[in-house]
Amino acid sequence: ELRYYYQEFKGQSAASNLGIKKARGHFTLLTCSDIIAKENLIEEHLRTHNRFKEDIVVLGYIPYSPEIKVTPFMEFLITDGPLFAYQLIEDKDDVPPLFLYAPNVSVKTKRLIEVGMFDEEFKYGGQDSDLGIRLRLRGLRMVYNEKAIGYHYHPTNVDAFCYRQKMAGKAAFLLASKHPKISSIYDLKNHVLKDYLGKGEIIERAFQIVHCLENMSQDYLYSLTIDSTVQGKIKVTVPLITFLYKLITDYYFAEGINEE
């Protein structure tokens with residue numbers, strides 16, 4: 001049975017909460033309009049829940065849809081960038097709450113209601129992490145099942161993604177104000193000092209170079225490298241395009257923080 005509900009736009013959190021309130025099932029599987037479920041998605045979520053005696057949060061995997069062309073920028077987002085960082089998960093049976101990616105997550109409906117569902121103060125971004133933290137504080141650990149696949153059908157490019165990053169910066173500031181033990185406003189302000197202030201002209205030039213590089217073949221594109229540093233200490237060699245993508249996305253994230 002498919003049921004459809006409509007409300008005036010109040011942000012992502014409010015839309016998800018309407019669905020949770022109307023849910024009739026024992027479990028709620030959260031997803032988004034740009035996710036295409038693999039045929040066994042629900043089966044894999046339920047199989048993971050059944051592995052454990054206690055209530056858990058199940059995190060599924062969100063790779064790009066095979067139906068879209070994955071550009072160098074899109075590849076950057078999931079390997080070195082700010083989208084889905086599955087590669088950083090160390091323990092699949094005990095995943096930190098900041099990895100809660102709402103486009104492919106399931107949990108008992110009553111547990112979502114108990115924690116107050118999504119915080120509607122988050123209009124775009126941050127609501128996933130906030131919910132993950134509150135579920136964890138209630139004793140629910142998160143378990144990752146990479147076989148529970150929802151394909152991400154969302155082509156994007158560096159120009160369009162900058163708006164998303166700016167909104168993510170604003171959301172990160174709100175998240176830090178609500179959960180100071182998890183996220184530090186001081187650290188966020190350091191982002192502004194390091195990645196934003198005085199870098200406007202550099203970012204403008206970075207965009208120009210990126211647009212030129214993206215017209216090259218990928219073999220040649222990734223052969224152009226630059227020496228970079230990690231946390232100002234470890235020198236590493238990375239593709240120039242990766243360095244520029246990170247420079248740009250960090251800048252707009254910091255701009256969002258700076259506006260709060």
Quick check on [X]: does its [atom1] atom have over 12 non-hydrogen neighbours (other residues, nucleotides or ligands) under 6.0 Å away?
{"X": "E204", "atom1": "CD", "result": "no"}
{"X": "E90", "atom1": "CD", "result": "no"}
{"X": "K123", "atom1": "NZ", "result": "yes"}

Taking side chain as C-beta onward, heavy atoms only, is [X] less than 4.5 Å from [Y]?
{"X": "L41", "Y": "L29", "value": "yes"}
{"X": "I203", "Y": "Y251", "value": "yes"}
{"X": "Y61", "Y": "N145", "value": "no"}
{"X": "I35", "Y": "Y151", "value": "no"}
{"X": "P180", "Y": "I185", "value": "no"}

Mutual orientation of the aromatic rings belonging to Y144 and Y86 [parallel < 30°, tilted 30-60°, perpendicular > 60°]: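 Taking Y86 first and then Y144, their aromatic rings lie parallel (interplane angle under 30°).
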
F207 and Y252 aromatic ring geometry - parallel, tilted or perpendicular at 30°/60° bounds: perpendicular

Spacing of CZ belonging to R136 relative to CG belonging to L98, to within rounding of 0.5 Å: 10.5 Å

Polar side chain donor-acceptor pair, H152 to S65, under 3.5 angstrom: no

Modelled atom types, side-chain donor and acceptor of T237 and T225, under 3.5 Å: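 The criterion, which ignores hydrogens and geometry beyond distance, is not satisfied for T225 and T237.
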
N/O donor-acceptor pair under 3.5 Å between N104 side chain and A148 backbone: yes

